[in-house]
Amino acid sequence: MSAITDGFDIRLRNAVTETGRTDGRPVVFVHGFGCSQEMWRDVAPAFEDSHRVIRFDQVGAGRSDLSAYDRGKYDSLHGYATDLLQILEELDLHDAIVVGHSVSAMVAVLAAGRDAARIGGLILIGPSPRYIDEPGYVGGFQREDIDSLLDSLDANYFGWSEAMAPVIMGIGNHIDLQADLTDSFCATDPDIARHFARVTFLSDNRRDLDRVKVPTLILQCREDPIAPLPVGRYVHAHIPGSRLVMLDATGHCPHLSAPDRVVRELRTFLQ
Amino acid sequence: MTDAAPDFEQLYEHAPCGYFSTTPDGRIQRVNATFLAWTGFTREELMGSRFPDLLDVGSRLFYETRYLPVLRLGGEAREIALTVRRADGGLLPVLVNSLLLPRDDPEEIRTAVFDATARQDYERELVAARRNAEASELRVRVLQDASSAFSRAETERDLAHALSTSARESLDASQAAVLLLDERGALRSVGGNDPFADFRSAHLRFPANDAVDSKRPVLLPDHAAIETAYPALMGAVRDARIEAICATPLLDQSGMALGAISCFFGRHRQFDPQNVELQAALARQAAEVLGRVRLEERLRRMALHDQLTGLANRQLLAERLGQALSSAERARTPLALIFLDVDGFKTVNDGLGHAVGDAVLREIADRLRTVVRGGDTIGRFGGDEFVVVCENADEFAARSIAERIAAAVRDPLPGVPARYAVTASIGIAVHQPSGADVTPEGLLITADAAMYLSKDAGKDRITAVGI
């Protein structure tokens, strides 16, 4: 049974996937900018023996319903937080652990600050409440850097629709299935990706951190060029009672580069 | 065969594209001469350094958020556009293909690099041209969509709704509200979602008030700006998760302010002049349509209302009575129709003139408005005859309304000598759920006949008949 909220079937809108034990404590994995729920491929299955495992695609990514992309709604991270809260309600989850990566770590923070009734804890992987430097705050980026990212998106999505056309028209049948699957990894609509990039990298949610009242674990990579250590420390200092754990991993996606270590930290927190 | 190895070595080193291999975290293990030549680094400088560290910031972000996940999940990443910073600080746009070799231990990423300078210049121009075209197309589309939505509006409310939708969509606002000035000069929310709706009565100043008074847009890009100008609103602003506000006045052709559009944003904003102008253009269109809609509403009102008293005319009365009767039959509730004729009105009209007669009718109409119940419909049936449709009223309830009416009519009229005093002869037709089938005409005829019974029995009295 699925209810209709805001004119959409929530499970379809966000391509919600459920695995694991239906009677287990729910763990909800929320992917960040640039990819889809596939990001959790090497981490989520480790919890299926013991937990109810939920993954989903943010609207605009993966197999989500693109027609649900209301630019006004998703012009702030609160639009995504609303979706997360709706998913928790739709699946009737209680005491859920929300694992948010990157920008979705902040989405989880916003959701927990608004309504933590169904949330038992947060695990934030590489969170940053503000990417751009401000007086007295080091985010790691300048405004121009974000324009540079938008240029990079343009360069990569240039001709995206032209390239897709033959596939949609059926002319691309000779392309073997594996190649098709590869293409679909992290599928994203280019216009939405551009908007999501702006919203992700231009938002300022520093004021929202201290509204989190649930147990919170922050996973910080050694060398994360997107959310560097001072940012992790800032988040830690502003979420009351949070724990900051340094991961022996480089880059911004430890759940891909060092899934075993991420699984270990998640397990420790869950116990 | 023995010469093959140096050949391949040559081919690798001086291939027409750059090659390098890295560890999974991007540390360069091998690199060919072509890549060194293109980037200007020495082999010693690059060995052991991380490829992502060679990228410009935007590419670095793209590398972490998309290239690496795709490569990890799919085993390869194709035609990724990146920008490499060369040793001399110059930028080299490249296209890369990468393969992840997971079976090797340790894992290795092999990458081929193609110079994309020409492609990038060409694409940059195309992208810039496309963006320009899209921006002007967006403007035209917003205004066209708005104009067709506005033209379908029949009421102020329809128009306000269409305007709030267009305004919200054109600025990617999380909410938009349309506020119009009422007769007393106060701003009322008419369409959209107004996060301040609960506060409007509290005599606070809002950005929309200032947009109306100054006849200029009020732009508040972040909390600091809102707090400086509207400190009293900060509580509501935080509750509604508003980070920025833009209020644009609705000005008619003569420059008079009719109201304002307020857009609310969930993220702090820098408002660019094009967007501000687009809002102003929407506001101009809407103001023009508002004039048309208001005129039509007035004409519609005039067509259904009595000019002298402003009460419902016969046509509207018949419509309301028909609706009341069918809903009474559906809900099985009683329905009463009160018919009254002003006794002595002809004497006033003949003795004091039509102007005084008209004033008396208007005064009686006003008094009727104050003594009937909230949902009752009062109509002027003709001359000095009035009708009141009372839903969900049995004989007892209808009589008490009729008594209030009789008392109100009997009260002395200001400026009219006592010998011209008027009273009301009243007839009531009450339709009970258990009663016979009846038509609106049947009810009117019955109430009219009951009124004549009152008149014949000596005027200034009430007769009720069940039907």
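Every value quoted in this text rests on a predicted model; they were computed, and no experiment measured them. The basis for the numbers below is simple: all heavy atoms, side chains too, and nothing from hydrogens, waters or symmetry mates. Here is the naming used below: chain letters follow the sequence lines, and residue numbers restart at 1 for every chain.
- The structure places CG of B:Leu126 at 11.5 Å from CG of A:Asp154, a figure rounded to the nearest 0.5 Å.
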Exercise. Would you please test A:Tyr74 and B:Asp172 for side-chain contact (heavy atoms from CB on, under 4.5 Å) and show each step?
Key: CA-CA 9 Å; A:Tyr74 296 111; B:Asp172 297 343; over 6 Å; no

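- Across all their heavy atoms, A:Ser203 and B:His268 have their closest contact at C-NE2, 4.3 Å.
- When all heavy atoms of B:Phe62 and A:Leu149 are compared, the pair lying nearest together is N-CD1, 3.9 Å.
- Residues B:Leu73 and A:Cys35 meet the side-chain proximity criterion, which asks for heavy atoms closer than 4.5 Å.
- Neither the backbone nor the side chain of B:Thr83 comes within less than 4.5 Å of any heavy atom of chain A.
- With contacts defined as side-chain heavy-atom distances shorter than 4.5 Å, the pair B:Leu68/A:Cys253 does not qualify.
- Put simply, CG on B:Asp56 and CG on A:Asp145 are 9.0 Å apart, with the number rounded to the nearest 0.5 Å.
- Counting heavy-atom pairs closer than 4.5 Å to chain B, the top residue among A:Gly32, A:Ser148, A:Ser257, A:Ser102 is A:Ser148.
- Enclosure of atom CD in A:Glu89 is not indicated, since only 12 or fewer non-hydrogen atoms of other residues, nucleotides or ligands lie within 6.0 angstrom.
- By number of non-hydrogen pairs under 4.5 angstrom with chain A, the leading residue of B:Gln175, B:Glu169, B:Glu243, B:Glu79 is B:Glu243.
- With sequence neighbours left out, the side chain to side chain donor-acceptor pair (under 3.5 Å) criterion links A:Asp248 to A:Arg222.
- Contacts with chain B were tallied for A:Asp208, A:Asp151, A:Val199, A:Asp147; A:Val199 has the most, counting heavy-atom pairs under 4.5 Å.
- With chain B as the partner, the residue from A:Glu144, A:Met39, A:Lys73, A:Arg207 showing the most heavy-atom pairs under 4.5 Å is A:Arg207.
- B:Arg66 contributes a side-chain N or O that, together with a main-chain N or O of A:Gly34, makes up a donor-acceptor pair within less than 3.5 Å.
- Looking only at heavy-atom pairs under 4.5 Å with chain B, the residue among A:Asn205, A:Leu202, A:Asp224 that has the most is A:Leu202.
- Salt bridge annotation for A:Glu38-B:Arg72: absent, with no cationic side-chain nitrogen under 4.0 angstrom from a carboxylate oxygen.
- Counting non-hydrogen atoms of neighbouring residues, nucleotides and ligands closer than 6.0 angstrom, the CZ atom of A:Arg198 reaches no more than 12 such neighbours.
- Considering only heavy-atom pairs separated by less than 4.5 Å from chain B, the leading option among A:His195, A:Arg114, A:His252, A:Gln142 is A:Arg114.
- Listed here is the closest heavy atom pair of A:Ser76 and B:Gly266: CB-O, 3.1 Å.
- A salt bridge links B:Arg269 to A:Asp75: at least one charged side-chain nitrogen sits closer than 4.0 Å to a carboxylate oxygen.
- Around atom CD of B:Glu277, more than 12 heavy atoms belonging to other residues, nucleotides or ligands sit under 6.0 Å away.
- Formation of a donor-acceptor pair under 3.5 Å by the A:Asn156 side chain with backbone atoms of B:Ala81 is found in this model.
- Not a single donor-acceptor pair under 3.5 Å links the side chain of B:Arg241 to the backbone N or O of A:His78.
- Residues B:Arg168 and A:Asp70 are paired through a salt bridge, judged by an N-O separation under 4.0 Å between the basic side chain and the carboxylate.
- Proximity to chain A (any heavy atom under 4.5 Å) is restricted, for B:Gln270, to the side chain, taken from C-beta onward.
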